[in-house]
Amino acid sequence: MLTYLPPQISPPRIKLRPSISKQMIITLKEIHKTYRLSKTKTLEALKGVNLSVKRGEIFGIVGESGAGKSTLIRCINLLEIPTKGEVIVDHQNLTALSPAELRKARRKIGMIFQHFNLLQSRTVYKNIAFPLELAGLSASGISKKIDPILDLTGLADKKYHYPSQLSGGQKQRVAIARALANEPDILLSDEATSALDPETKHSILQLLKQINEQFGLTIVLITHEMSVIKEICHRLAMISDGKIVEQANVIDFFTRPETDVGKRFIHSQAIRMLPESVQARLSPQNKGTLPLVRISFLGDSAEAPLITYLVQNFSLHINILQAQFEKIRDEMIGMMLVELSGNLDDVEKGRNYLHAQGAFTEVIGYVQPIR
Amino acid sequence: MFSPFVNLIFEGTLQTIYMVLVSGVLSVLGGVPLGIVLFITRDNHILENALCNRSLGMVVNVVRAIPFIILLIVLIPLTRLIVGSSIGPTAAIVPLSIGAIPFVARIVENALLEVNPGLIEAGQAMGASPLQIICKVLLPEAMPSIIQGVTVTWISLVGYSAMAGVVGAKGLGDIAVEYGRYRNEPVILWSSIALLIMLVYVIQYVGDWLARRHTR
């Protein structure tokens with residue numbers, strides 16, 4: 001039995017949408033944030049975070065609760081003031097601004113929250129008018145701006161309702177409308193879909209995606225759910241224990257992870273999908289066992305009958321353990337976990353063939369065959 | 001017999017209304033800003049200032065700890081200084097207001113504490129100044145509880161104004177004690193009690209109505 005696998009050949013990388021510029025709109029440099037809990041106790045929430053967000057992209061920061069993502073997103077508009085480090089937004093060092101200058105800069109950074117944070121005493125219209133009032137706009141100037149935003153967010157018929165009369169999804173739409181009223185360059189989203197049911201979550205994410213595409217608005221969101229990242233983000237950062245442990249293009253991350261952290265995450269997700277009986281026979285080392293290969297198919301390769309071709313032309317035995325299609329942003333991606341067996345030459349040729357077709361293969365473990 | 005009785009009660013009612021109204025308005029004018037300052041200077045609030053918060057908090061606690069009847073007597077020199085006399089409804093307004101201001105301040109502080117902190121954060125994120133946060137976020141959002149708290153204060157002021165009768169403040173409370181207790185005239189006693197009850201009902205009704213109008 002042959003278990004040798006040839007070195008991996010990289011398929012061409014996926015390019016970002018052309019509307020995303022190379023120019024950075026947000027740069028965080030060596031951000032530290034330490035909270036004083038008591039006289040003797042401190043909590044280091046952020047431990048030297050470096051992050052850059054490009055103008056026009058949707059950038060997702062994912063991490064478990066307590067990882068520091070909430071603190072991190074609040075450092076972008078300085079709701080949390082970093083203990084150390086610089087926050088550069090649109091070529092302006094926010095950490096060096098006076099309070100009045102900071103307030104002006106914040107008007108160009110919209111923010112939405114998990115629990116919406118709408119003013120209960122104001123109608124939908126008045127809530128959206130709020131940031132414009134703060135900026136000193138006249139009543140007529142305000143009303144001219146709000147109607148198009150109401151249409152965009154699908155709230156035209158809710159104009160004079162109070163937040164208590166709205167559903168969660170509608171409340172978040174009001175919050176989005178409010179965040180857009182000042183025509184910001186950046187929208188920060190703090191777990192904005194975490195309190196919503198799956199269907200509403202989807203519609204809010206689609207709204208964010210639409211706003212990003214229509215206005216080129218840069219969106220930075222934090223979430224604990226990978227599904228949110230998969231649905232709308234161009235790039236992602238993983239945060240763990242106050243540090244950024246991975247930054248990658250989202251499609252690359254899910255099809256061909258490069259860092260150890262990324263690989264561990266993707267592999268453990270793949271393995272979790274396997275039946276328990278297979279998981280029991282799995283080991284990370286090769287002890288005369290069959291390689292468990294994760295194949296990801298991208299674009300056209302996702303729809304071509306590649307496995308059939310593989311079996312017919314390379315006399316490989318392929319045992320498909322798991323297969324699925326997944327949509328990442330607008331891209332269809334096929335993922336498959338297979339046991340491969342055959343002679344060395346054929347395995348190598350087979351993998352080369354797959355790589356040439358734009359698929360990506362990777363050994364994620366070895367399976368003890370059933371005797 | 002009938003006419004002096006009516007005149008007496010009518011005059012007493014007006015005096016009570018005058019005392020409650022003026023000291024009620026003064027307690028709001030003094031208590032609301034004080035309550036706001038107590039709130040915003042707390043730790044981790046928009047204008048955190050421990051020294052200011054502690055010292056104001058202490059003053060408020062001291063005044064609230066003094067029983068009203070004692071406050072009335074203690075404040076006699078101050079009342080003389082401000083009003084020129086320590087007797088009569090106008091003189092009673094000084095201790096009534098000073099006693100009620102800390103009460104309103106705590107009520108306002110507690111009402112503001114109940115405002116969702118996320119709203120302050122949202123306001124800051126939109127570039128609101130501390131003053132804008134107070135006027136456009138905190139006060140409108142806390143309005144129903146502030147109105148309810150002020151209603152309670154005004155009702156207490158009706159009771160305290162009766163107590164102020166002891167130092168010659170006149171009003172319905174004074175009439176009830178004077179005529180009911182010392183001259184044994186139950187009709188006057190019960191009439192003044194009935195009017196006090198009506199006054200309390202009116203205040204409660206108006207307070208509830210205003211609070212309801214602000215509740216969303």
Side-chain angles (χ1 to χ4, degrees), chain A residues 35-36 70 73-74 76-81 97 99-124 126-136 160-166 174-175 178-182 184 186-191, chain B residues 32 35-36 39-50 53-54 107-108 110-150 207-216:
Chain A
Y35 293 104
R36 278 187 83 99
S70 232
I73 199 166
R74 279 169 176 71
I76 297 175
N77 60 0
L78 255 53
L79 283 179
E80 292 282 1
I81 297 163
L97 296 182
E101 289 170 326
L102 175 62
R103 286 200 288 272
K104 216 173 146 207
R106 276 176 174 165
R107 289 185 192 142
K108 288 289 164 195
I109 311 175
M111 189 166 189
I112 54 175
F113 304 86
Q114 179 172 8
H115 298 296
F116 326 123
N117 293 350
L118 298 179
L119 296 161
Q120 299 296 312
S121 56
R122 286 172 172 244
T123 59
V124 167
K126 281 283 189 181
N127 262 288
I128 303 170
F130 184 65
L132 301 171
E133 276 176 35
L134 295 180
Y160 300 112
H161 285 53
Y162 283 89
S164 58
Q165 300 166 302
L166 302 177
V174 178
R178 182 176 68 175
L180 294 180
N182 261 331
I186 299 168
L187 178 69
L188 304 177
S189 162
D190 174 14
E191 294 272 12
Chain B
V32 171
I36 292 170
F39 175 77
I40 58 175
T41 55
R42 278 173 162 254
D43 288 354
N44 298 319
H45 282 273
I46 51 175
L47 289 173
E48 179 178 342
N49 185 330
N53 188 272
R54 303 262 155 75
I107 281 167
V108 169
N110 280 319
L112 297 180
L113 280 170
E114 274 167 37
V115 174
N116 172 8
L119 297 182
I120 300 172
E121 199 181 29
Q124 286 175 318
M126 285 182 267
S129 65
L131 188 67
Q132 285 174 322
I133 288 177
I134 293 166
C135 298
K136 287 181 178 282
V137 179
L138 289 172
L139 288 179
E141 290 293 309
M143 202 44 87
S145 4
I146 292 177
I147 290 170
Q148 272 157 356
V150 167
D208 284 347
W209 177 75
L210 279 173
R212 227 184 2 259
R213 267 191 43 164
H214 283 87
T215 306
R216 298 295 174 189

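Throughout, protein chains are lettered first and strands after them, A, B, ... in sequence-line order, and every chain is numbered starting at 1.
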Exercise. State, with a plain yes or no, whether a side-chain heavy atom of B/Pro140 is found less than 4.5 Å away from one of A/Arg122.
Key: no

Separation between CD (A/Glu133) and CD (B/Gln132), nearest 0.5 Å, reads 9.0 Å

So, the part of A/Leu119 with a heavy atom under 4.5 Å from chain B: the answer is both

Interface check, chain B: of A/Met111, A/His115, A/Arg74, most non-hydrogen pairs under 4.5 Å belong to A/Arg74

Using modelled atom types and a 3.5 Å cut-off, is there a donor and acceptor pairing between side-chain atoms of A/Asn117 and backbone atoms of B/Gly118?
yes

Taking every heavy atom of B/Gly127 against every heavy atom of A/Arg107, the minimum-distance pair comes out as O-NH2, 3.7 Å

One should read off an interatomic distance between A/Leu118 CG and B/Asn116 CG, to the nearest 0.5 angstrom, of 10.0 Å

The interface call for B/Ser129 against chain A, heavy-atom contacts under 4.5 Å, is both

Closest heavy-atom pair, A/Phe113 versus B/Ala125, reported as atoms and distance to 0.1 Å, is CZ-CB, 4.5 Å

Looking only at B/His214, B/Glu141, B/Met143, the option with the highest number of non-hydrogen pairs under 4.5 Å against chain A is B/Glu141

Turns out that what part of B/Val115 lies under 4.5 Å from chain A's heavy atoms comes down to neither

If one checks every heavy atom of A/Phe116 against chain B at 4.5 Å, the contacting part turns out to be neither

Value for CG (A/Leu134) from CD (B/Gln124), rounded to nearest 0.5 Å, stands at 11.5 Å

NZ (A/Lys126) with more than 12 external heavy atoms under 6.0 Å: no

Problem set entry | Check: B/Met126 and A/Pro184 side chains under 4.5 Å, non-hydrogen atoms | no

